[in-house]
Amino acid sequence: MNLKKRTVLTLTVMVTTALALSACSGGGNRSNGAGSGAQQAPGKPAETKPLDVSILSIYYQKEPPSKDNAVLKEVEKRTNTNLNITWVAPNNFSEKVNVTLASGDLPDLMLVTDIANASFRTMAKQGAFWDLTEMIKSYPNLMKFPDITFSNTKIEGKLYGIPRVRPTEGNAQPLIRADWLTKLNLKMPETTEDLYKVMKAFKESAPDGQKDTIGLSGYVNQNDMGQFGFIENSFIGNSGKYKVIDGKITDMTFSSEMKQSLEWFRRAYKEGLIPQDFALLKHNQAKDLVFAGKAGIFPDKPNQEPAMVQGVASAVPSSKPDFAWMPYLIGPSGTKYAAKGNGHFGMFVISKKVPEDKVKKLLAFLDYGASDEGSDLANYGMKDVHFTLQGDNRVLTDAAKNDPSFQFMQNIFMKFDKYANVALGMTPELTKRDMAYIDAAEKVSIPSPLDGVTSPTAQKLGSDYDKKIQDMKTKVIMEKVTLGDWDQFVAALKADANYMKIQEEYNAEYQKKASSK
């Protein structure tokens, strides 16, 4: 890969792009070339009438685009389509999908982000959507998606939609102040104990001279350990609490490794190495501690390095911040852990009411979006309107910097890019470094065994159980209860028939999935 093609000249450009891409799937914008091997877009030159396409999709910008959005119009021109897109904000998206599914009045292409949704899966099995398992094989750009993307979006071995692809590597791991490591003559940590020692050194030395400096900033969610999850996962050697042991899904909540992770956090909390109000913090509040020079580690994707550098530099002008992403963390068992993404963020389904001829044109439309040309248009917009070329480098125009609406199609058009979570706009040296980190993570990353697996009991009761478990973990960490209380809590869970039924159902689905490969 030519590193020059990844370089954007200005800090403003790289931060703007990194922030935009972090909000959704990571995009696919690593090539300057026009479409290479792209399937013919649905509207052929000989056709005079554009193809009418209705779409329901999510958007992450502040406002949905107008009907005369320049990039949308350009997409219509290049694909000979007439797009009627219903854009829905993330907070309302699941509700909108459920209402639309219940109505039976479906658009041509509908994004379903939660493919574990019981109603959706039932409708798929009953034949409400086109089975694209074989048909999609005729579209070369879509077939560049990794196997894990298709495996995790299939229902009982069948593909009922076009996956919304995202990279599997480069997930939330520690972003660490590399300049602090250099200042304190410390090496990049590799193990959970190395990390603990670095956190303690950061607190005691306060490299940016800020009062009440801590080591690691982050927060927990209602249902899980949130940004601290990578440490818990390093202890249990798995992505999430369910791990495959001897071919069966096993709940690691009952394990000694889970208890060890709580002891690690309990010690870190007692010594003031993590925020004392971590249970109350929101994402931006936890990040602000890093920006203020009061914390040296923040879990996030590597593509957030430029934004983190700019945030600290703005808040602490005297500092010269530098961040590096840790590709993996070694737990007490010696296992190198990195999270592997599931390769998708839902998929676009096509109603069985759509004629087969149009289905093929819709596949061609999304295949164009997965080409270099289509993906570049979605992510960069149009040359001399949204960006200019300086050699091989794209530089966003002032109009584009002040108007993020030109990137709306990146919510629909996506190609697979292994390095999509590497930040744009860095120097070739830093880009090469982070690409090597992605390669290192790929060698050891561990997927969740629950990807593509469902449990009816978990759908009904899982959230309540997760909240109770996380509440107990928080109390243990903050020393409001003892580790003996944790043991009693876990014993009660193990005796709870409904809770244990979740594991049984996951196992049954897991075995089905394994046998259908």
Side-chain angles (χ1 to χ4, degrees), residues 20 24-25 27-29 35 38-90 92-93 96-97 100 103 105-113 129-130 132 136 139 141-142 161-165 345-351 353-382 385-386 400 403-415:
C24 52
S25 71
N29 43 357
Q39 189 81 4
Q40 175 70 49
K44 297 177 183 178
E47 296 176 345
T48 56
K49 184 180 179 182
L51 178 72
D52 291 324
V53 182
S54 58
I55 305 174
L56 174 64
S57 182
I58 202 167
Y59 75 93
Y60 296 91
Q61 292 84 353
K62 290 183 178 180
E63 299 289 340
S66 62
K67 292 284 187 180
D68 60 351
N69 180 276
V71 171
L72 293 183
K73 289 297 182 184
E74 184 66 15
V75 168
E76 289 179 328
K77 177 182 176 183
R78 295 189 190 184
T79 60
N80 194 25
T81 55
N82 178 30
L83 302 179
N84 179 16
I85 306 175
T86 299
W87 298 100
V88 183
N92 304 319
F93 194 76
K96 178 66 173 179
V97 168
T100 305
S103 73
D105 185 16
L106 308 183
D108 296 321
L109 291 169
M110 184 174 76
L111 177 63
V112 177
T113 56
F129 313 111
W130 275 90
L132 304 175
I136 200 171
Y139 300 86
N141 294 309
L142 298 177
I162 304 95
R164 189 168 180 257
V165 72
F345 185 32
M347 59 184 178
F348 284 97
V349 299
I350 303 176
S351 169
K353 296 177 181 178
V354 176
E356 183 173 353
D357 181 61
K358 187 171 185 178
V359 172
K360 293 178 180 179
K361 292 179 179 180
L362 294 174
L363 283 165
F365 173 74
L366 290 180
D367 190 74
Y368 173 77
S371 71
D372 289 345
E373 180 182 302
S375 178
D376 282 359
L377 176 60
N379 286 286
Y380 290 119
M382 294 178 289
V385 177
H386 302 103
D403 180 18
S405 68
F406 78 95
Q407 290 182 318
F408 266 91
M409 280 303 295
Q410 68 180 200
N411 298 304
I412 299 173
F413 278 1
M414 294 181 183
K415 72 176 183 181

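Atoms CG and OG, on Leu109 and Ser57 in that order, are 9.5 Å from each other to the nearest 0.5 Å. The CE atom of Met110 sits 13.0 Å away from atom CD1 of Ile55, with the distance rounded to the nearest 0.5 Å. How far CG of Asn141 is from OG of Ser371: 5.5 Å, rounded to the nearest 0.5 Å. The CG atom of Leu56 sits 10.5 Å away from the CG atom of Asn84 when rounded to the nearest 0.5 Å. With rounding to the nearest 0.5 Å, the separation of CD1 in Ile136 from CG in Leu142 is 5.0 Å. Rounding to the nearest 0.5 Å places OG1 of Thr79 at 9.5 Å from CD of Glu74.
Looking at residues two or more places apart in sequence or on another chain, you find no side chain to side chain contact (heavy atoms under 4.5 Å, CB included) involving Glu63. Under the side chain to side chain contact (heavy atoms under 4.5 Å, CB included) criterion, Lys360 pairs with Met135, Tyr139, Glu356, not counting sequence neighbours. When the ring-ring contact (aromatic ring centres under 6.0 Å, His included) test is applied to Phe406, the partners found at least two apart in sequence or on another chain are His386.
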Derivation of the side chain to side chain contact (heavy atoms under 4.5 Å, CB included) call for Thr113 and Val97: CA-CA 9 Å; Thr113 56; Val97 168; 5.8 Å; no

From CA spacing to verdict: side chain to side chain contact (heavy atoms under 4.5 Å, CB included), Trp87, Asn411: CA-CA 10 Å; Trp87 298 100; Asn411 298 304; 4.1 Å; yes

Test side chain to side chain contact (heavy atoms under 4.5 Å, CB included) applied to Lys358 and Ile350, step by step: CA-CA 10 Å; Lys358 187 171 185 178; Ile350 303 176; over 6 Å; no

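A salt bridge does not link Lys73 with Asp68: none of the charged nitrogens is closer than 4.0 Å to a carboxylate oxygen.
For Asp367 (side chain) and Leu363 (main-chain N/O), no donor-acceptor pair under 3.5 Å exists by modelled atom type. Looking only at distances, no side-chain donor or acceptor of Lys415 sits under 3.5 Å from a matching main-chain atom of Asp376. The backbone N or O of Leu83 sits less than 3.5 Å from a side-chain atom of Glu76, completing a donor-acceptor pair.
Ile85 has its side chain within reach of Ile412: a pair of non-hydrogen atoms, C-beta onward, lies under 4.5 Å apart. The shortest distance between side-chain heavy atoms of Phe413 and Phe365 falls below 4.5 Å. Using a 4.5 Å heavy-atom cutoff, the side chains of Asp108 and Val359 are not in contact. In this structure, Pro50 and Asn80 have side chains that are in contact, with non-hydrogen atoms separated by less than 4.5 Å. Between Thr86 and Pro107 the shortest side-chain heavy-atom distance does not fall below 4.5 Å. At a threshold of 4.5 Å between non-hydrogen side-chain atoms, the residues Ile58 and Arg164 count as touching.
Taking every heavy atom of both residues into account, Leu111 and Gly346 meet most closely at CD1-C, 4.4 Å. Between Gln410 and Gln407, the shortest heavy-atom distance links the atoms CG-O, 2.8 Å. The minimum heavy-atom distance linking Tyr59 with Ala89 is given by the pair CE2-N, 3.4 Å. When every heavy atom of Val71 is checked against every heavy atom of Gly381, the shortest pair comes out as CG2-CA, 4.0 Å. Nearest heavy atoms, Pro65 versus Phe408: CD-CE2, 3.1 Å.
When only modelled atom types and interatomic distance are considered, Ser103 and Asp105 share no side-chain donor-acceptor pair under 3.5 Å.
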